[in-house]
Amino acid sequence: MTETVDQARGIAATRVITGKPGEVIEDGAVAIRGTSIAWVGQRGELPEEFQAVPLAEYPGGTILPGLVETHAHLGSRPGSGPRVPDVARHDQSWNALHSVHVLRQLGSIGITSAQSLGSRFYTDVAVREAVAQGLIDGPRIVAAGPMITTTAGHDWKDGAEVDSIDDIRHAVREHHKAGADVIKAAVTGGFFTPGTAQWKAQFSVGEIKVLVEEAHRLGKHVAVHAHGTQGIERAVEAGVDYIAHATFISDDGTTRFEPELADRIARAGIYVDVAAPPSYPLVPGETIAPRAYELYSHGVRIVTGHDIGAVIPAHAYLFGLQQLEEAGIPRDEILLAATSRAAAAIGLAGITGVIAPEYAADLLVVTGNPLENLHALDHRELILMRGEQFVPEPLPEFVGREGIADGKPGSTEGELARRARQLHFKELQQW
Ligand SMILES: [Zn+2]
């Protein structure tokens, strides 16, 4: 359980990574009052008013902003559950319980905010409220509700199918009414929905524009699921704020990075999460973020969204960060992508992701220096969410790449087989 912190208190460590680009405070301290950060700086410069506050010391440690996951699916997926006697009766409640389970796992690895990019029954909205109202301890949630898609399009089982401009306007307004913070739409097919074409757009530019216009009018950002280059192009033209996957599947079904399109994404300031399926044809030794380096080198604002819950389990988050390093992204860039930039990408700029006065006291303290070795993030000493200590739960051991896809060993191969089949099916259609 947690305790409420009303009085000021402080933490001190060998360094503070503030989340502002390039800013590291050696021998740093952070003062917290209530749910917010009151002061940060070198410990020797601690202002008078905080000198008497209790200071928790972490010698050899690093204080950094709580981590952010920008692409999570909290609930049980259709078809993978619930494991209850009567599915029709328990589907919704099981989905909610599953969401709380994933939420607690995210919190246990030091994630203090997460964006839910697709949830049946608007469960993510209810979970967000339960956290905000103190019913459950866990990360702050930015909720999308059900992913908007075409009839029989990717993720249609979430329950938000649209087929016309009026449908789109209605769906966005309906999501607003149900309390969504972000509008998520599938602008191409997806790998987990049989019969959809990942290389093709599901919406026209005009349709996506209406979705964006309506979402922005209501103060919500727009995140789109996009594997195919055609869908990425249309989304960029329509003015979306966030692209999930950006796999760059070309019209012939193969993966082909498009440098000019990447430049357009960079110029538009669109955030991109780099969780993507393997390239096709297969590239041996490829990371789980196959486009990350190319996007990064074109100046795209990449963020740490892993499709947690759909593709990788929550406790594989740190593996995801290590994969970015393996892909060639510098560690300081990875930490930005996982903190301040990720917070901005999910609409929380100025609220969390940075250690500075008036930001939420969402903090992680680890042993060692993650700027030198990302494994330091595995050695968590303290997790604070809005100034309250989060007590982590034991996490399952992460078994490595074979656990990725839907948590079942070998499912990566399964996904590739499905893809190869679909590509073959496409060839057959051309005959
Ligand atoms: Zn997803």
Side-chain angles (χ1 to χ4, degrees), residues 68-81 95 98-99 102-103 105-106 111 113-125 127 139 141-150 153-161 175 180-194 196 198 202-203 221-228 231-232 235 240-249 270-278 288-292 302-314 316-317 320 323 342 345-346 404-407 411-412 415 418-419:
V68 179
E69 165 62 25
T70 63
H71 184 167
H73 297 279
L74 303 176
S76 55
R77 309 303 293 161
S80 67
N95 193 64
H98 192 282
S99 296
V102 174
L103 179 91
Q105 285 200 324
L106 290 171
I111 290 172
S113 301
Q115 177 167 256
S116 158
L117 285 186
S119 166
R120 291 184 295 146
F121 315 118
Y122 298 93
T123 301
D124 51 357
V125 174
V127 171
I141 293 296
V142 171
M147 195 184 309
I148 295 174
T149 190
T150 53
H154 177 54
D155 223 22
W156 64 267
K157 288 182 180 173
D158 268 8
E161 294 166 294
H175 277 52
D181 304 296
V182 47
I183 297 299
K184 167 82 181 290
V187 302
T188 71
F191 287 96
F192 291 102
T193 311
T196 62
Q198 301 91 10
Q202 299 195 141
F203 291 108
H221 57 289
V222 173
V224 295
H225 156 108
H227 287 305
I232 300 171
V240 305
D241 307 291
Y242 180 110
I243 297 173
H245 312 303
T247 314
F248 286 91
I249 302 178
I270 298 167
Y271 297 98
V272 177
D273 75 43
V274 286
I288 63 165
R291 300 280 78 75
I302 60 167
V303 291
T304 50
H306 297 83
D307 220 346
I308 277 179
V311 175
I312 76 170
Y317 181 87
Q323 286 278 288
I346 66 172
I404 291 176
D406 46 14
S411 49
T412 302
E415 187 188 322
R418 274 201 295 281
R419 184 171 188 177

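Ligands are counted one by one from 1 in listed order, and the atoms in each one are counted from 1 as well. What you see is a predicted model; the values in this text were computed from it and never measured.
- Ring geometry, His227 versus His245: the interplanar angle falls under 30°, so the pair is classed parallel (tilted spans 30 to 60°).
- With hydrogens and angles disregarded, a donor-acceptor distance shorter than 3.5 Å links the side chain of Gln198 to the backbone of Gly190.
- Between the side chains of Thr193 and His154, at least one donor N or O sits under 3.5 Å from an acceptor N or O.
- How far CD1 of Ile141 is from OG1 of Thr123: 11.5 Å, rounded to the nearest 0.5 Å.
- In this structure, His221 has its ring center at least 6.0 angstrom away from the ring center of Tyr271.
- Distances under 2.8 Å from the Zn ion (ligand 1) pick out the protein N/O/S atoms His71 NE2, His73 NE2, Asp307 OD1.
- Residue pairs meeting the salt bridge (charged side-chain N to carboxylate O under 4.0 Å, His left out) criterion with at least one member in residues 303-312: none, sequence neighbours excluded.
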